[in-house]
Amino acid sequence: MKNNYHIFLTGEKNVGKSTIIEKVVKENNLHLVGFKTLPYYEEGRFTGYIMKEVGMVQNFSMQNRISTVLENDKVFPIIETFENIGVTIISKSMKKSKWILMDELGRFETKAPNFRRAVMECLDGACCVIGVIQDVETDFLDEIRNRKDIVLIKVTEENRNELPLKISRYIRG
């Protein structure tokens with residue numbers, strides 16, 4: 001892979017972005033650190049998302065929740081999690097590995113200035129980021145998408161099966 005380039009996948013929900021990353025990681029035997037965003041369920045009901053540190057065994061708890069669902073089914077971000085846990089994960093990750101997973105970056109981070117700063121510091125550093133960026137417009141996400149060191153790949157149902165091989169070829173140079 002070219003130095004200081006980062007790969008972000010974008011596209012519709014559930015089109016296979018995270019699955020593609022998993023295939024690329026396995027195919028290239030990448031040692032990833034970073035974070036993954038996962039849905040959180042209580043008694044079978046979706047109640048928000050959590051931020052899971054890659055490679056760590058974590059219990060799903062209020063501590064790592066990045067959002068919660070309100071009574072009107074609106075998803076409300078928990079900014080403190082980004083500002084504390086998210087920043088810590090990124091900072092630790094930059095010291096551990098060349099490859100950092102950011103799955104995913106989205107609209108919740110808009111009001112988390114320390115987290116946004118940590119992401120930008122990571123992108124400016126010596127690591128290589130592979131991640132998912134939501135297909136929504138925010139100043140933060142647009143700033144990432146407009147960087148010259150970003151390879152942004154739109155995932156669709158039509159191209160998702162060929163992308164793991166194409167991304168693997170790119171990583172190998």
Side-chain angles (χ1 to χ4, degrees), residues 1-41 46 48-60 64-67 75 82 85-86 88-109 115 118-120 122-138 140-173:
M1 181 175 178
K2 299 166 189 80
N3 275 347
N4 294 335
Y5 270 75
H6 313 288
I7 300 169
F8 280 93
L9 305 183
T10 192
E12 298 291 321
K13 281 186 176 187
N14 298 316
V15 75
K17 301 175 294 289
S18 297
T19 302
I20 291 168
I21 289 174
E22 288 171 11
K23 289 178 181 179
V24 169
V25 167
K26 185 175 182 180
E27 173 72 23
N28 295 281
N29 198 26
L30 301 178
H31 171 68
L32 276 185
V33 294
F35 67 88
K36 189 171 181 70
T37 302
L38 299 170
Y40 182 73
Y41 295 88
F46 171 70
Y49 292 96
I50 60 112
M51 179 179 286
K52 181 184 183 309
E53 186 172 357
V54 174
M56 298 297 290
V57 177
Q58 283 175 286
N59 293 325
F60 296 110
N64 57 346
R65 286 181 78 161
I66 59 170
S67 70
V75 181
F82 289 105
I85 304 227
T88 299
I89 290 171
I90 292 172
S91 296
K92 284 180 7 185
S93 296
M94 289 172 59
K95 297 172 188 169
K96 285 184 176 179
S97 178
K98 177 181 176 176
W99 287 97
I100 297 177
L101 176 67
M102 293 187 185
D103 184 1
E104 71 184 19
L105 299 174
R107 68 184 186 281
F108 291 158
E109 294 90 329
F115 181 81
V119 168
M120 291 306 189
C122 184
L123 294 174
D124 289 339
C127 64
C128 297
V129 174
I130 187 164
V132 173
I133 190 167
Q134 285 182 356
D135 196 11
V136 297
E137 289 186 23
T138 71
F140 172 59
L141 299 180
D142 290 344
E143 184 178 356
I144 293 170
R145 282 190 278 263
N146 292 326
R147 291 175 60 108
K148 292 185 181 353
D149 57 354
I150 297 293
V151 176
L152 185 65
I153 301 169
K154 177 90 169 191
V155 179
T156 64
E157 288 186 20
E158 293 75 29
N159 72 0
R160 65 183 175 193
N161 292 331
E162 65 195 42
L163 287 177
L165 181 59
K166 285 185 175 185
I167 294 168
S168 292
R169 285 183 184 146
Y170 182 81
I171 287 172
R172 292 182 201 133

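Along the sequence shown, residues are numbered consecutively beginning with 1.
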Practice task
Any chance you could measure I20, atom CD1, to N161, atom CG, to the nearest 0.5 Å?
Solution key: 8.0 Å
Exercise for the section: Heavy atoms only: give me the nearest L141-R107 pair and the separation to one decimal. Expected result: CD1-N, 4.3 Å
Handout entry: Flag side-chain contact, heavy atom, 4.5 Å: M120 against I144
Key = yes
Practice task
Answer whether the closest heavy-atom distance between the side chains of T37 and V132 falls below 4.5 Å.
Solution key: no
Fill in the blank from the handout: SG (C122) and CE (M94) are apart, to the nearest 0.5 Å, by 5.0 Å
Completion exercise
Closest non-hydrogen atoms of S168 and N28, given as atom of the first, atom of the second and distance, are OG-ND2, 2.8 Å
Exercise for the section: Could you check if a side-chain atom of W99 sits within less than 4.5 angstrom of a side-chain atom of V25, using non-hydrogen atoms only? Expected result: no
Handout entry: Close side-chain approach of F35 to N64, heavy-atom, < 4.5 Å
Key = no
Problem - Nearest heavy-atom neighbours spanning E109 and E104 - result: OE2-O, 3.5 Å
Practice task
Kindly say whether H31 contributes a backbone atom to a donor-acceptor pair with the side chain of S97 at under 3.5 angstrom?
Solution key: yes
Exercise for the section: Could you tell me whether the side chain of Y170 reaches within less than 4.5 Å of the side chain of I153, counting heavy atoms only? Expected result: no
Exercise for the section: Decide side chain to side chain contact (heavy atoms under 4.5 Å, CB included) for R147 and D124; before the verdict, give the C-alpha distance in whole Å, the side-chain angles of both, and the deciding distance to 0.1 Å. Expected result: CA-CA 10 Å; R147 291 175 60 108; D124 289 339; 2.9 Å; yes
Exercise for the section: Anything under 30° is parallel, anything over 60° is perpendicular, the rest tilted; go ahead and classify F108 against Y49. Expected result: tilted
Practice task
Compare every heavy atom of Y5 with every heavy atom of K148, then report the nearest pair and how far apart it is.
Solution key: O-CE2, 3.8 Å
Problem - Test applied, side chain to side chain contact (heavy atoms under 4.5 Å, CB included); reference residue, S93; option that passes from L101, V129, L32, I100 - result: I100
Exercise for the section: Mark yes when over 12 heavy atoms from residues, nucleotides or ligands other than K154 sit less than 6.0 Å from its NZ; otherwise mark no. Expected result: yes
Handout entry: Minimum-distance pair of heavy atoms, taken over all atoms of I133 and T10
Key = O-OG1, 2.8 Å
Exercise for the section: Would you mind checking if E22 and K36 are paired as a salt bridge, meaning a charged N to carboxylate O distance below 4.0 Å? Expected result: yes
Handout entry: Side-chain ion pair, E27 and R172, N-O less than 4.0 Å
Key = yes
Fill in the blank from the handout: Between the CZ atom in F8 and the CZ atom in R145, the distance rounded to the nearest 0.5 Å is 10.5 Å
Exercise for the section: Inspect the surroundings of NZ in K96 and state if more than 12 heavy atoms from other residues, nucleotides or ligands are less than 6.0 Å away. Expected result: yes
Practice task
Taking all non-hydrogen atoms of both residues into account, name the closest pair between F115 and M51 and its distance.
Solution key: CE1-CE, 4.0 Å
Exercise for the section: Ignoring hydrogens and angles, tell me if any N or O in the side chain of R160 forms a donor-acceptor pair with the backbone of V15 under 3.5 Å. Expected result: yes
Handout entry: Other residues, nucleotides, ligands: >12 heavy atoms within 6.0 Å of E162 CD
Key = yes
Handout entry: Gap separating the CD1 atom of I90 from the CD1 atom of I85, nearest 0.5 angstrom
Key = 12.5 Å
Exercise for the section: Run the salt-bridge test on D103 and K17 with the 4.0 Å N-O cut-off and return the result as yes or no. Expected result: no
Fill in the blank from the handout: Output for pair (L152 CG, I7 CD1), nearest 0.5 Å, gives 11.0 Å
